[in-house]
2 protein chains.
Amino acid sequence: MGNINIIKLAEELNLSKSTVSRAFRGGSDINPQTREKILARAKELNFLPNHHASNLRNQKSKTIAVIVPEIANNFFSKAINGIEKVAKDKSYHVLIYLTDDDFQKEVAFVTNLSNGRVDGIIMSVSGEDQDHSYLQVLKRKKIPLVFFDRTYEDVETARVTTNDYQSSFEATEHLIKSGCKKVAYLVVNKNLSIGKTRMQGYIDALKKNNIPFDDHLVIDCSNELEKNKVILRNLFETLKPDGVFASVERLAIASYYVCHAMNISIPDDVKVIGFSSLEISPLLNPSLSTITQPAYKMGERAAELLFEILEKHEEEKEFITRNIVLDSELIQRQSSSLEPVAIR
Amino acid sequence: MGNINIIKLAEELNLSKSTVSRAFRGGSDINPQTREKILARAKELNFLPNHHASNLRNQKSKTIAVIVPEIANNFFSKAINGIEKVAKDKSYHVLIYLTDDDFQKEVAFVTNLSNGRVDGIIMSVSGEDQDHSYLQVLKRKKIPLVFFDRTYEDVETARVTTNDYQSSFEATEHLIKSGCKKVAYLVVNKNLSIGKTRMQGYIDALKKNNIPFDDHLVIDCSNELEKNKVILRNLFETLKPDGVFASVERLAIASYYVCHAMNISIPDDVKVIGFSSLEISPLLNPSLSTITQPAYKMGERAAELLFEILEKHEEEKEFITRNIVLDSELIQRQSSSLEPVAIR
DNA sequence: TTGTAAGCGTTATCAT
DNA sequence: ATGATAACGCTTACAA
């Protein structure tokens, strides 16, 4: 099936395959004219050195993996955008894996990636309360790992996060200053470090403002909109909070749906604020107050950090466990406003 | 650096490397007990056969590439979600490439992928009015290509699209029936097949309803929000349309921003409808009427189609140029409503 | 059922 | 500046 390769190209040009190989490696030990001739003919034939052969020979893949819980989500898609940008600049390739928040899939992906397929991994994790020792393989195989946003605290590795505690504290305090006395905290998984950190900010802000912390106001939600609607409807019917702090975007959205359906006015009856990377928060009815993480930037920094590690020599790699912390932005809009809603 | 491989594992177990290899290939020609022993020891050592070596030997990569203009966009991130799902089920890996709507990058990616790195490509294209012959390489190298959503009409290959003409026709007619006499059509690139098809639906709907088509009402926009704001502000100041049909989501959003800023009431002063995959269209102020493409489904179908081709024998591959057309959904909400806006 | 050996396409080392 | 050759780690006829 006449597939071209370096050998055939060499024969055709009456050269040795080493010379042809050199032409592609950009090395200096080749006559520029020979080089041109080879490259010209290669272009005609649409020939490029086989990727797997090079990688096998070189023991590296010029590929990184990104493992995230989901992608149809503004935060993660923007972060991936940032990662891809950096990878593209470095001529690296990016593999995407979605865990669907299933720890088993996370383990399966990582395990599968330890066979030389990738040079490094960027991950936002899924199973806080699980056994994380499966990540040891990566250390043994010298495959660097960078966590972003959702991390395992018991794993020593590089990471890029945001100032979640501080943001949550400020967001909660903002609700209180806007008049809320009974703020519910909505969370998807209390046990994920990110849920814990954000919750602590919430708790401490209450404390500082002399509002007793009430366990019942911490609402454990799901990833499914319909389930969340049921949960939140129940919340608004029984506990009647006057403020809602959504620790992830989808819970702010769910709150909106439920309030609209129940004829509860935001912000007159209940004020809402949430972590969110939604660009159109200003266009919601009412516009949504958000804590916005620098999603693109986080992806970018995570990728830069990974490449920094990859460019080190083998021996130093394991010493890099830097934690880059970026600032989120608290943006106050109508949903948490003290003033009555001004339409438009 | 004591890296394990099939040979060392074989030596350790006093077997030949072929036997060890067989244990991993699931083939039947191996004693189940030997097999177990090998797999057990491999697991202990976290050993998996080297990916590049296998691929080199097998001449395939178990990897597909997805090339899209952008990812921080509901349509594409959902489509990728669908693709990844199918790939995961097939134990395939997914590479992501973002062209940023730059034809040169598209060419570079495809060209680079023709060296055996991937078994197939799924793409949503960027450069309608360019020379598409660069895609010929794929045909020669027998790398199947599936277009989705944005396609090149002059390229013979499999594709997954939606009934754009029909949807656009209906959307435009819906605006007319809601009382619009002067409907602007917002487009990012008139020359992309998708823009042309959608525009034709718009034009024909006007014609059928005896509204003369006015070229000035076809507004060429950009991908950047700020530029679009300027363009649309000018539109609303000068031509004062009473209806706006946004051929892509970001233009509907931009219209909202401008109308809010200019104190133009949607839908009282101007009605808006747009192609959009935004899940929270119902929560916008006012809720946005949309033509919603089955983004996830499109990704899923595109991937299924690609695998169908991959599973064929070499000879048949090129004959598959099927075009799968899925239906979009027209969802009428307040932004195009005849009734005065009911708050909530 | 297991072993032997050739070959997948490249690159780096060592000669020339 | 170019060529010969030995890996890289795996799979699959073919042989035993």
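Keep in mind that this is a model prediction, so the values were computed, not measured. By convention in this document, chain letters (A, B, ...) are assigned in the order of the sequence lines, proteins followed by strands, and residues within each chain are numbered from 1.
- Donor-acceptor pairing under 3.5 Å is recorded for the side chains of B/D119 and B/Y92.
- With a 4.5 Å cut-off on side-chain heavy atoms, A/L95 and A/I64 do not count as touching.
- Considering only the side chain of A/N5, C/dT10 comes nearest among D/dT11, C/dT10, D/dG3.
- Note on the helix from C/dT1-D/dA16 to C/dT16-D/dA1: terminal axis deviation equals 30°, with five pairs used at each end and the result rounded to 10°.
- More than 12 non-hydrogen atoms from other residues, nucleotides or ligands lie less than 6.0 angstrom from NZ of A/K141.
- Contact between the side-chain N/O atoms of A/N58 and the OP1/OP2 oxygens of C/dA12 is found at a separation under 4.0 Å.
- Computed from coordinates, the B/K60 NZ to D/dT12 C1' distance equals 14 Å when rounded to whole Å.
- Taking atom NZ of residue A/K8 and atom C1' of nucleotide C/dT10, one finds them 15 Å apart after rounding to whole Å.
- Computed from coordinates, the B/K141 NZ to C/dG9 P distance equals 12 Å when rounded to whole Å.
- Atom CZ in A/F24 sits about 12 Å away from atom C1' in C/dG9, given to the nearest Å.
- Side-chain N/O atoms of B/T19 include none lying less than 4.0 angstrom from OP1 or OP2 on C/dT2.
- Atom CD1 in A/I7 sits roughly 8 Å away from atom P in C/dC8 (whole-Å rounding).
- Backbone-only contact: A/R25 has heavy atoms under 4.0 Å from sugar-phosphate atoms and none from a base.
- Among D/dC8, D/dG3, C/dT2, the nucleotide with an atom closest to any side-chain atom of A/L15 is D/dG3.
- Within residues 34-57 of chain B, the residues that place at least one heavy atom under 4.0 Å from DNA chain D are, in residue-number order, B/F47, B/P49, B/N50, B/A53, B/S54, B/R57.
- Rounding to whole angstrom units, CG of residue B/N115 and P of C/dC8 are separated by 18 Å.
- In this structure, A/K17 atom NZ and C/dG9 atom P are separated by 11 Å, rounded to whole Å.
- Mapping A/S16 and B/I6 onto DNA chain D by nearest heavy atom places A/S16 at the nucleotide closer to the 5' end.
- B/S18 contributes no side-chain N or O that forms a donor-acceptor pair with the base of D/dT11 under 3.5 Å.
- B/I143 and B/S114 get closest at one heavy-atom pair: CD1-CA, 3.8 Å.
- The CG-P distance, from B/D29 to D/dA16, rounds to 18 Å in whole Å.
- Counting all heavy atoms, side chain and backbone alike, A/V118 lies closest to A/S61 at CA-OG, 3.3 Å.
- A 4.5 Å side-chain heavy-atom check between B/R322 and B/I324 finds at least one atom pair inside the cut-off.
- Residues A/R22 and B/P32 each lie close to DNA chain C; by heavy-atom proximity, the contact nearer the 5' end of the strand is made by B/P32.
- Closest non-hydrogen pair, B/L113 versus B/I67, comes out as CD1-CD1, 4.0 Å.
- Between B/Q59 and C/dG9 there is a side-chain polar atom (N or O) within less than 4.0 angstrom of OP1 or OP2.
- Relative orientation of the A/F147 and A/Y152 rings is perpendicular, given thresholds of 30° and 60° on the angle between their planes.
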message: Using the rule given for side-chain contact (heavy atoms from CB on, under 4.5 Å), can you reason through B/E300 versus B/E304, listing the C-alpha separation, both sets of side-chain angles and the distance that settles it, and then say yes or no?
response: CA-CA 6 Å; B/E300 202 177 40; B/E304 285 166 0; 3.8 Å; yes
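- The aromatic rings of A/F24 and A/F47 lie perpendicular to each other, with more than 60° between the two planes, well past the 30° mark.
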